[in-house]
Number of protein chains: 2
Amino acid sequence: MASEETAKPRRADAQRNYDKLLAAAREIFREHGAQASLDDIAKRAGVGPGTLYRHFPTRDDLIDAVMREWSEDVDSDSDEVIAAGLDAQETLRTWFGKFVENIGVYRGAAAKVMSAMDDESSPIYRKCQVLVGANDKVLTHLAGRGELRDGVDSREVMRLVSGIATVADQSHLSVDESTPMLDIVIQGILRDPSAP
Amino acid sequence: MASEETAKPRRADAQRNYDKLLAAAREIFREHGAQASLDDIAKRAGVGPGTLYRHFPTRDDLIDAVMREWSEDVDSDSDEVIAAGLDAQETLRTWFGKFVENIGVYRGAAAKVMSAMDDESSPIYRKCQVLVGANDKVLTHLAGRGELRDGVDSREVMRLVSGIATVADQSHLSVDESTPMLDIVIQGILRDPSAP
DNA sequence: ACCTGAACACCGTTCAAGT
DNA sequence: ACCTGAACACCGTTCAAGT
């Protein structure tokens, strides 16, 4: 298997360390959440703390790298959901459900995404744009079929759903336990079936 | 003016320190949020760090004390809103708006409330119950007039609104900027005007 | 009973020395 | 160009000594 990132050219040992750090970060973030000790990550990767800082100057840079493949998964989910041809309500349930589930893999990630959405200076900002774009695709698809209420802004919906993901994360709710909240949002953005 | 808390009897100097700590915490939490340095609070209060820990064994105990009057304000807001005799939509807008505004006074407080709501072991849990109760009063009032959709659970609504407050807090949104999200939730829980 | 502040522990961050 | 790890800084927490 090739190295994790195909990005810029690095010395072989640097690339190896980069990969080990990323793998260690994934493990430790999964175990202890996105606030885990960076020192532990360096230890698990078997490198000095300085090496971690060389590759990832801030915690968010490390989180950003960990999120890369993950945000691509979310994006492809949005295409699948649209292609599935479900009705509007089921489309949103599936899409929001997958979103909350995916973002919940790393504890603390939902809060990071939530606050990075409106912060261009955050290293995670661009990754958030992928998520915002994916959500916009789904909502635009439904809007094109006249299924949404007037004035629904996909950005606000994204904020709401990432807020729900954060609630689910911090209150240790399962995906099932977050559906009542998601259903309220869905009712709030879908046009009434009784309308002309 | 009397001392801040009428609770248990304390030695005069202890009570003075308690009050100074609480005043300092309010100031510093307001300036730097609920994650501010506890050492700074002790310094501002002019006491040793050990004294802070004697009165408030954990950060959450301190937050809890700071929140006391504040949660009472929220509770009385709910009564005022009910008494105001507004229509359902305006009732919810006013109530949710006040809630988000109040909880936003201390940065980081919204996230604390959010996660303490489902955690009985949290020192803030009881304070959260006051908020949950206040919200339940407002929703029960509307439900009694048949204005809510069937199956709306006030607990889920509370989770959602505290999630919105957290989004607003962490993304530095003004109260105005959080109304679009609140409106979606309001649409989601109000019965359709067109229903029989 | 309560206060103080030195002391400890933990962890993030830097940087001089080394390859 | 990159790595190492000692060193520093900051802050939460404890506790022996004092009143």
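The figures here come from the full heavy-atom set of this structure, side chains too, leaving out hydrogens, waters and symmetry mates. Convention: sequence-line order gives letters A, B, ...; per-chain numbering from 1.
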Heavy atoms under 4.0 Å, any strand shown: does B/D40 hit a base, just sugar-phosphate, or nothing?
nothing
Tell me whether the OP1 or OP2 atom of D/dC2 has a side-chain N or O from A/N17 closer than 4.0 Å.
no
Which of the following nucleotides, C/dC2, D/dG12, C/dG12, is nearest to the side chain of A/D39?
C/dG12
Taken to the nearest whole Å, NZ/B/K43 to C1'/D/dG12 is 12 Å
Scan B/T51 against the nucleic acid and name what it touches under 4.0 Å (heavy atoms): base, sugar-phosphate only, or nothing.
base
Once you round it to whole Å, what is the distance between C1' of C/dC11 and CG of A/L62?
16 Å
Among D/dC2, D/dG12, D/dT4, the one nearest B/S37 by side-chain distance
D/dG12
Rounded to the nearest angstrom, tell me the gap between atom CG in B/L52 and atom C1' in D/dC11.
13 Å
Which of the following nucleotides, C/dG12, C/dC3, D/dT13, is nearest to the side chain of B/Y53?
D/dT13
Look at the rings of A/Y18 and A/H55 and say which category their plane angle falls in: under 30° parallel, 30 to 60° tilted, over 60° perpendicular.
perpendicular
Whole Å only: how far is the CG atom of A/L21 from the C1' atom of D/dT4?
13 Å
What is the distance, rounded to the nearest whole Å, between atom CD of A/Q15 and atom C1' of D/dC3?
15 Å
CZ/A/R155: more than 12 non-hydrogen atoms of other groups inside 6.0 Å
yes
Is any side-chain nitrogen or oxygen of A/H55 closer than 4.0 Å to OP1 or OP2 of D/dC2?
no
Starting at the 5' end of DNA chain C and moving along, which residue's nearest nucleotide shows up first, A/L38 or B/P49?
B/P49
Would you check if there is a donor-acceptor pair between the side chains of B/T58 and B/D61 at a distance under 3.5 Å?
yes
Looking at D/dG5, which nucleotide sits across from it as a Watson-Crick or G-U wobble partner, both distances under 3.5 angstrom, or is there none?
C/dC15
Whole-Å gap separating C1' (C/dG12) and CD (B/Q35):
17 Å
Considering non-hydrogen atoms only, spot the tightest contact between B/A116 and B/S122 and give its length.
CB-OG, 3.5 Å
B/R16 CZ to C/dC3 P, straight-line distance once rounded to whole Å:
9 Å
Do B/E147 and B/R191 pass the side chain to side chain contact (heavy atoms under 4.5 Å, CB included) test, and can you show the C-alpha distance, the side-chain angles, and the key distance before you say yes or no?
CA-CA 6 Å; B/E147 312 244 39; B/R191 192 184 289 282; 5.9 Å; no
Whole angstrom is fine here: how far is it from OH in A/Y18 over to P in D/dA1?
19 Å
Residue matched to C/dC10 through Watson-Crick or wobble contacts both under 3.5 angstrom
none
